[in-house]
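Inspection log for the structure reproduced underneath, given as structure tokens.
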Amino acid sequence: MMNTLGPFEHCVQQYGATVLRVCRAALGPNADAEDAWSETFLSALRSWPTMPEDTNVEAWLVRIAKNKTFDIIRTRGRRAIPTDRLPELSAGLDDAGLPDLTVWQLVAQLPERQRLAVAYHYLGGLPHTETAAVIGSTPEAVRRASADGIKTLRRRMKRSTSWEQPDE
Amino acid sequence: MSNQTSPRPAAVDIQFPIEPGVLELLHARLVASAADSGTLDIVYRTVDSPIGKLLLAKTDRGLLRVAYEREGFDTVLEKLSARVSPRILHSPSHLDDVASQLEEYFAGHRHRFELQLDQRLSAGFRHQVQQYLPRIDYGFTRSYKQVAEAVGNPTAVRAVGTACATNPLPIVVPCHRVLRSDGTLGGYVGGLDAKSTLLTLEHAVRATPAGGA
């Protein structure tokens, strides 16, 4: 068999976190996000041996994750499951030196368009144009939705040291 | 459509943290469902041993590869990926049986491995030699020349050396039990220190040039 991209394990190690961030931002910090992560990597593993050598693996994975998460969102819509069934946000932040996970609850409370722009564009790195095609919007609107979402997060996370520095 | 992702702010990792253990848990679930769905071709793990860290890799047919750290674990995995399949995941539990037999061997309690072997990495004369090696019992040695004779090709002494040097399953397929006719060590894929440690562990009686084949 002709190999092109190398052992799949490296792919999971390298991009597992990015894919989880995309799934969590799109779906919330819950079991759905974990299922989307698993389905993304399982589907990638299936196609792995036939992927061309010059594949941008990260972009390819984010696209699979985008499709999986978007499918789940559509299914949720049909089932009319509320998306705001998340635990209430606690004000206390990061006092034990542990990762501050509040941000995921805040992302989940963003309007859907901002949430998806943050997931696919800001965290997943997909271009505005491609993100726009998925969420049925214009590239300019995606750029704005992503920036507005991050601005809201920054405002609400200002007590957390990890959000102190402007990053652009 | 562009094949590139746009650059992301470096702070993403700390601003959107993932709690410890989550990715490990998801990884374990991925291994399980990949194995269930038949999309996992090779599993691997590393183990510690008195002769350094070892890489163990396995397919559904059996143990495929044992590698020494000096061979470069990444290089070994890349080669397996190219020759067998890139559907490779790290999964210690799939190799528990191999790990525990090795542990027993290094503790001196096991003299023979009872493992299914996947010998697809060996072919031709090398395969023939590697098939013969387990017939050299624990604690005994043969010379390259004796092995050449035993496999019916008495002049192929150098080729026996190559077959030993390219053994994909060292320790389990005991190429360390093959020495030069004068009793000196010859070569070893794991280095000469490893070879002599294994022979010392086995209390090997070095074969004399006249020793029976």
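In the text below, chain A, chain B and the rest are named by the order of the sequence lines, each starting its count at 1.
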Subject >> Top of A:Arg21, A:Arg46, A:Gln13 for chain B proximity - count of heavy-atom pairs under 4.5 angstrom >> reply: A:Arg21

Subject >> Residue A:Glu39 versus chain B: region with a heavy atom under 4.5 Å >> reply: neither

**OP:** Please name all residues satisfying salt bridge (Lys or Arg N to Asp or Glu O under 4.0 Å) with B:Lys145, sequence neighbours left out, ordered by chain then number.
**Re:** B:Glu149

Show which side-chain atoms of residues 57-64 of chain B pair as donor or acceptor with protein atoms under 3.5 Å away, not counting sequence neighbours.
unit_1	atom_1	unit_2	atom_2	d
B:Lys58	NZ	B:His94	O	3.0
B:Thr59	OG1	B:Arg61	N	3.0
B:Thr59	OG1	B:Asp118	OD2	2.6

Original post:
Going by the angle between their ring planes, with limits at 30° and 60°, are B:Tyr188 and B:Tyr68 parallel, tilted or perpendicular?
Top reply: perpendicular

Original post:
Under 4.0 Å between a Lys/Arg side-chain N and an Asp/Glu carboxylate O for B:Glu71 and B:Arg65?
Top reply: yes

Original post:
Non-hydrogen atoms of chain A under 4.5 Å away: do they reach the side chain of B:Val31, the backbone, both or neither?
Top reply: neither

Subject >> B:Arg87, part contacting chain A, at a heavy-atom distance under 4.5 Å >> reply: both

Original post:
Do A:Arg154's NZ or CZ and the ring of A:Trp163 fall within the cation-pi criteria of under 6.0 Å and 45°?
Top reply: no

Original post:
So which of B:Leu26, B:Leu89, B:Asp74 has the biggest tally of heavy-atom pairs under 4.5 Å with chain A?
Top reply: B:Leu26

